Protein chains: 2
Amino acid sequence: MQSLLAIADPKRRRIVELLAVRERTAGELVDEFDISAPAISQHLKVLHEAGLVTVRAEGQSRVQALNPDGFGDLEAWLEKTRSVWSHRLDALECELRAEDESNEQKRKKRTSS
Amino acid sequence: MQSLLAIADPKRRRIVELLAVRERTAGELVDEFDISAPAISQHLKVLHEAGLVTVRAEGQSRVQALNPDGFGDLEAWLEKTRSVWSHRLDALECELRAEDESNEQKRKKRTSS
DNA sequence: CAGATAATTTAGTTGTTGCTTAATTAAGGT
DNA sequence: ACCTTAATTAAGCAACAACTAAATTATCTG
């Protein structure tokens, strides 16, 4: 889940937002922030390793572009986690009938063992 | 975007996964990990502050439950970012006609200014 | 009320992250 | 070949995040 760690940082998230609008060079990105060029370069490295951004050489510049497929695993995780939750909701109707009992039992199962 | 930072940590992500299956006490969560109770407690604090997990007192235990609504802002961000990207794709057809020219111009606009 | 259990808070340590400046690599222009 | 521009790598530093042990709070039980 590299992509999650990558966009957890606000600056990297902003880079992603900027690249979502249009591709840019590292230098153009530097202009959007109050931090040094090496700092941006390091952030880009993280984004590359996460598979969120790709590079393409163009003259002496290197054009950074967003790779939206990189969000795949993050979206899959959200989907998975929420689907489990949804199943719980489906089962809720049954559970409601004996809510107190079942909850108490689950709790005491461990206490008594 | 607290929720993003919260699930960026692998242990907290696992906690969320476990709570997605069923609600648990902090003690039950501790059993699933190789770290101390305070560590779990601190992770839960982060998850609470992110709005991903809620608590409910039950006897001397405190039952932790997932709040799937907490993912709202994260999903909204993904949606927003991808929608911008989609617009780019919509515009791609037009761009393709004069790809070389327009790309070169975008690049040189900055260089010459 | 005393003791046990569940959980959190505090204090302190360690590892990681993000930043900076300085040095390096790479491509173009003169 | 030399200089400039674009970008990265390297080295070092400060702030932060995650962990532990010890102390504290809170609730239930005898």
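What you see is a predicted model, and the numbers here were worked out from it, not measured in a lab. Chain naming here is simple, since letters A, B, ... match the order of the sequence lines and numbering starts at 1 in each.
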Identify all pairs in which a protein N or O lies below 3.5 Å from an N or O of nucleotides 24-29 of chain D, and state each distance.
unit_1	atom_1	unit_2	atom_2	d
D:dT27	O3'	B:G59	O	3.4
D:dT27	O2	B:Q60	OE1	3.0

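- A distance-only check finds a donor-acceptor pair linking the side chain of B:R13 to the backbone of B:I7 [under 3.5 Å].
- Going from atom CD1 of A:I35 over to atom P of D:dA14 covers 19 Å, rounded to whole Å.
- Both A:V16 and A:F33 are part of a single hydrophobic cluster, where members link through side-chain heavy atoms under 4.5 Å apart.
- Taking 4.5 Å as the limit, every side-chain heavy atom of A:L66 sits out of range of all side-chain heavy atoms of A:E23.
- Residue pairs meeting the side chain to side chain donor-acceptor pair (under 3.5 Å) criterion with at least one member in residues 65-74 of chain A, sequence neighbours excluded: A:S3-A:D73.
- Under a hydrophobic-cluster definition in which Ile, Leu, Val, Met, Phe, Trp and Tyr are linked whenever side-chain heavy atoms come within less than 4.5 Å, directly or via other members, A:M1 and B:I15 are assigned to the same cluster.
- For the pair B:S41 (side chain) and B:P38 (backbone), a donor-acceptor distance under 3.5 Å is absent.
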Can you list, pair by pair, the side-chain donor-acceptor contacts under 3.5 Å of residues 45-53 of chain B, counting residues two or more places apart and other chains?
unit_1	atom_1	unit_2	atom_2	d
B:H48	ND1	B:L44	O	3.1
B:H48	NE2	B:Q64	OE1	2.9

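- A straight line from CZ of B:F33 to P of D:dA18 spans 13 Å, rounded to a whole angstrom.
- Between the B:E28 side chain and the B:T25 main chain, a donor and an acceptor come within less than 3.5 Å of each other.
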Identify all pairs in which a protein N or O lies below 3.5 Å from an N or O of nucleotides 1-3 of chain C, and state each distance.
none

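- In this structure, the separation between CD on A:E32 and CD on A:E17 is 11.5 Å, given to the nearest 0.5 Å.
- Remark: C1' of C:dT17 and CG of B:L5 are 12 Å apart, rounded to the nearest angstrom.
- A sub-4.0 Å separation between OP1 or OP2 of D:dC19 and a side-chain N or O of B:H43 is present.
- A:F71 has its side chain out of reach of A:L4: every pair of non-hydrogen atoms, C-beta onward, lies at least 4.5 Å apart.
- Taken residue by residue, residues 9-17 of chain B places no heavy atom nearer than 4.0 Å to DNA chain C.
- With hydrophobic clusters built from ILVMFWY side chains whose heavy atoms lie under 4.5 angstrom apart, A:W77 shares a cluster with B:L78.
- Under a 3.5 Å cut-off, the side chain of B:R56 and the backbone N or O of B:V63 do not form any donor-acceptor pair.
- In this entry the distance linking CG of B:L47 with P of C:dT8 reads 12 Å, nearest Å.
- Across the protein-nucleic acid pair, B:R24 atom CZ and C:dA7 atom P stand 13 Å apart, rounded to whole Å.
- Distances shown here put a side-chain N or O of B:T25 below 4.0 Å from the OP1 or OP2 atom of C:dA7.
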What are the atom names and distances for every N/O pair under 3.5 Å that joins the protein to nucleotides 8-11 of chain D?
unit_1	atom_1	unit_2	atom_2	d
D:dT8	OP2	A:S41	OG	2.9
D:dT8	O5'	A:S41	OG	3.0

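- Note that the CG atom of A:L29 and the CZ atom of A:R14 stand 9.5 Å from one another [nearest 0.5 Å].
- With rounding to whole Å, A:I7 atom CD1 is found 17 Å from C:dT17 atom C1'.
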